[in-house]
Amino acid sequence: MNGAQEALLSVRGVSVRFGGIRALDGVSFDVEKGRIVGLIGPNGAGKTTLFNCLSRLYEFQEGEIRYEGRSLVEVPRHGIASLGIGRTFQNLALFRTMSVVENVMVGGHCRTSTGYIANMLRLPSVKAEEAQLRAKAEELVRFLRLEHVAELPVGGLPFGYQKRVELGRGLISDPKLLLLDEPAAGLNHEELDDLGRTIMDIRDRLGVTVLLVEHHMSLVMSISDKVVALDFGQKIAEGTPAEVQNHPDVIRAYLGTG
Amino acid sequence: MTTSEATAPAAPVAKKGPNAIGITIFVLLLFALPLLLPVVLPLLGGIITLKPNFMIFQLTLVIIYAIAILGLNIVTGYNGQFSLGHGAFYAIGAYTAAILMDKLDCPYWLTIPISGVVCLVVGFLFGLPALRLQGHYLALATFALALAVPQLLKYNHIEWLTGGVQGIVIIKPDPPFGIKAINADQWLYYLALVVACIMFWLAINLIRGRLGRAMIAIRDHPIAAEVMGINLTVVKSMAFGISAAYTGVAGALGAIAIAFVAPDSFTIFLSISFLVGLVIGGLASISGAIYGGIFIQFIPNVADAISKAAPWAIYGLFLIAAVYVMPTGAAGLIKQWQAKRRAAKQ
Ligand SMILES: Nc1ncnc2c1ncn2[C@@H]1O[C@H](COP(=O)(O)OP(=O)(O)OP(=O)(O)O)[C@@H](O)[C@H]1O
Ligand SMILES: [Mg+2]
């Protein structure tokens, strides 16, 4: 099943510099439709920087990123979500005064369209749209087993819960591509297994392609179809989990020599 | 995570939507107030020595200020953008109404929506470039606006329009359809109350919908909001415009109620007062605007009654006490108190 697969996302020679630091240095790889692609690398390798390029939060100086054949440079920041690219953040980026359900509902902003006048008059179209969005948010909240905290402000919830809220917020817009930045941070063993199953579910049941940044090697290696390894902004390996795991450069990068 | 094993819903169920019965009773009371006051005030036996009509006039101003503060709350409380310049929009609303009546014989009631639309446009256009400024810088830009507008109103070359330093005198409207049962002050009170009900209803609807959530999302985490597909420029500028429109409507009502506009009524102090009312009433609280309106209308009078020599020192004491006793505003205090009562009942 590794044959000719259509690339949903293709990253070509992308470079990002911050002053003297080359956070990304000519990185190229593809994310095929329907896959879980793992993105690994030691701290500071440039994984989050790549995500931020995909979200258009960072400008890249060289290279090209194509999504469904279309260059992302033409798309404004707020236009990325409606293209079908959802994401979570490494360091939580929730709307802390809002409840869990409301946070998830904000994720559906790009799939709703009623305007100011209709909203202020709360026309039937607005009521219908709201009801639909809320129902969907509540369904996701159940899927993520957050129903007992659904109406509480997220600000006061434990870290692991907040991570799950981010997941729900990223999923409600029915993305085609979901970018997960260290979703397993702060989870215990059991929760880790759980998360692995959830991510597989997201791909299999919801049909979402996943690009996963994660330090937990066991998780990445067990669920990824393909793994890309970065070090100091450069791609050092790409292949099946087994190939990447045994790649000498990857081992060296993680052992911190060379 | 394949199934949703039902976890015991032990957490408190948050109240959904506004308390309809409470609000209805409150609004009915407000409508009955002008009829009750002449009866009740004498019974109080001189505790409040004000004439009923003057009292009604003051309550009209409370309502008008509440609308203005609600407007400020939309941009500052819900969208997180500080404005020190809403006095300017109040002035623009007031002058729009006054000029329309004075020069074009426009019916007074029609000037209210027109002032709102004028301020919506001005606010949106001001917001568009200004919103690129962050935090403190936006506060300074709006501060400049508040300083500039009263001066511009005095400007020689538009004196024919604005009446210069003298301002414009307007005729106080009588009750419509020749109604004799209520006097002009009572009618103005009802006018302000009806407009306020509409404005509050519109604001509640806005805040609880997708665009209200977008505004709050921008306040809480602008980057995440943008990643969720929210167009920051549009939503922030609209928040500014709608906010200005509210304050403009309040300004128009104020002009009609006072039957006079002059540049010196709209100094920077007015802008600061709105901000005071906003914080005292409660940031990001719809009902907070009402408490804020009460505070900025009555506390200066109370301070004046306590000490003619240093009323602003007394006002300052009230402010400090209020901030100390209700760090989340009056609305926050009431919410806490209600939560405690609910907990006690269970
Ligand atoms: N906004 C920024 N300004 C300056 N330097 C940055 C910025 N963002 C990232 N960097 C630098 O770019 C490099 C890559 O950082 P990045 O956050 O992408 O690493 P990462 O692979 O996500 O690491 P981690 O596993 O620790 O999250 C680091 O050296 C970092 O200091
Ligand atoms: Mg990172």
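Residue numbering restarts at 1 for every chain, and letters A, B, ... go by the order of the sequence lines.
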K.L.:
Just so I know, are the side chains of B/M228 and A/F95 near enough to count as touching, which here means a heavy-atom distance under 4.5 Å?
P.N.:
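Yes - at least one pair of side-chain heavy atoms lies under 4.5 Å apart.
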K.L.:
By a 4.5 Å heavy-atom criterion (distance strictly below it), what part of A/T97 contacts chain B: side chain, backbone, both, or neither?
P.N.:
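It is both, since atoms from each part get that close.
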K.L.:
So which part of A/T114 gets closer than 4.5 Å to some heavy atom of chain B, the side chain, the backbone, both or neither?
P.N.:
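For A/T114, backbone and side chain are both near chain B.
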K.L.:
Report the option among B/A214, B/A224, B/G212, B/A203 that has the most heavy-atom pairs separated by less than 4.5 Å from atoms of chain A.
P.N.:
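Sorted descending by pairs with chain A, the first entry is B/A224.
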K.L.:
Check each atom of A/F89 against the heavy atoms of chain B and say whether the ones under 4.5 Å are side chain, backbone, both or neither.
P.N.:
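The answer is the side chain of A/F89.
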K.L.:
A/V106 versus chain B, heavy atoms under 4.5 Å apart: side chain, backbone, both or neither?
P.N.:
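Both backbone and side chain of A/V106 come within 4.5 Å of chain B.
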K.L.:
Less than 4.5 Å to any heavy atom of chain B: does that hold for the side chain of A/R169, its backbone, both, or neither?
P.N.:
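Looking at A/R169, backbone and side chain both touch chain B.
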K.L.:
So A/M120 and B/I242, do their side chains get closer than 4.5 Å, heavy atoms only?
P.N.:
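In short, these two side chains touch, coming nearer than 4.5 Å.
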K.L.:
Given that the side chain runs from C-beta out, which part of A/E129 has a heavy atom under 4.5 Å from chain B: side chain, backbone, both or neither?
P.N.:
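Just the side chain, heavy atoms under 4.5 Å.
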K.L.:
For A/C110 versus B/G229, what's the shortest heavy-atom pair and its separation?
P.N.:
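Here A/C110 and B/G229 meet closest at CB-CA, 4.4 Å.
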K.L.:
Could you check if a side-chain atom of B/I223 sits within less than 4.5 angstrom of a side-chain atom of A/L57, using non-hydrogen atoms only?
P.N.:
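They are in contact (side-chain heavy atoms under 4.5 Å apart), so the answer is yes.
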K.L.:
Given that the side chain runs from C-beta out, which part of A/T112 has a heavy atom under 4.5 Å from chain B: side chain, backbone, both or neither?
P.N.:
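It is both, since atoms from each part get that close.
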K.L.:
Which bit of B/A284 comes within less than 4.5 Å of chain A, counting heavy atoms only: side chain, backbone, both or neither?
P.N.:
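Neither the backbone nor the side chain of B/A284 comes within 4.5 Å of chain A.
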K.L.:
Using a 6.0 Å cut-off, check whether atom CZ of A/R111 has over 12 heavy atoms from anything other than its own residue.
P.N.:
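It does: A/R111 CZ has more than 12 such atoms within range.
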K.L.:
To the closest 0.5 Å, what do you measure between CG (B/L120) and OH (A/Y116)?
P.N.:
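Spacing of CG (B/L120) from OH (A/Y116) equals 10.5 Å.
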K.L.:
What distance separates A/N119 CG from B/L211 CG, expressed to the nearest 0.5 Å?
P.N.:
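Interatomic distance, A/N119 CG to B/L211 CG, rounded to 0.5 Å: 4.5 Å.
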K.L.:
Examine whether an atom of B/I207 lies under 4.5 Å from a heavy atom of chain A, and if so say whether it belongs to the side chain, the backbone or both; otherwise answer neither.
P.N.:
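For B/I207, neither part sits under 4.5 Å from chain A.
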K.L.:
Tell me, do B/H221 and A/N103 make a side-chain contact under 4.5 Å, heavy atoms counted?
P.N.:
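With C-beta onward as the side chain, the pair stays apart.
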K.L.:
Counting only heavy atoms not in B/L28 (residues, nucleotides, ligands), do more than 12 fall under 6.0 Å from its CG?
P.N.:
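Counting neighbours around CG of B/L28, more than 12 heavy atoms of other residues, nucleotides or ligands fall under 6.0 Å, so yes.
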K.L.:
Would one find more than 12 heavy atoms of other residues, nucleotides or ligands at under 6.0 Å from atom CZ of A/F159?
P.N.:
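Result for CZ/A/F159: enclosed.
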K.L.:
Hey, are A/S113 and B/R210 close enough side-chain-wise for a donor-acceptor pair under 3.5 Å?
P.N.:
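Distance-only check fails for B/R210 and A/S113.
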K.L.:
Dump the intermediate steps for salt bridge (Lys or Arg N to Asp or Glu O under 4.0 Å) on A/E130 and B/R213, then the final yes or no.
P.N.:
CA-CA 11 Å; A/E130 278 284 303; B/R213 278 193 304 273; 2.8 Å; yes
K.L.:
With a sphere of 6.0 Å drawn around CD of A/Q132, does it hold more than 12 non-hydrogen atoms of other residues, nucleotides or ligands?
P.N.:
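For A/Q132, atom CD is not crowded (no more than 12 foreign heavy atoms under 6.0 Å).
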K.L.:
Taking the side chain as C-beta and beyond, is there a heavy-atom pair between B/I230 and A/H78 under 4.5 Å?
P.N.:
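When only atoms from C-beta onward are counted, A/H78 and B/I230 do not touch, as no gap falls below 4.5 Å.
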K.L.:
Kindly indicate whether the side chain of A/L121, heavy atoms from C-beta on, has any atom under 4.5 Å from the side chain of B/W201.
P.N.:
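Yes, their side chains come closer than 4.5 Å.
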K.L.:
State, with a plain yes or no, whether a side-chain heavy atom of A/R77 is found less than 4.5 Å away from one of B/V227.
P.N.:
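No, too far: nothing below the 4.5 Å cut-off.
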K.L.:
Which region of A/L94, side chain (C-beta onward) or backbone (N, CA, C, O), has a non-hydrogen atom less than 4.5 Å from a non-hydrogen atom of chain B, or is it both or neither?
P.N.:
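The backbone, not the side chain.
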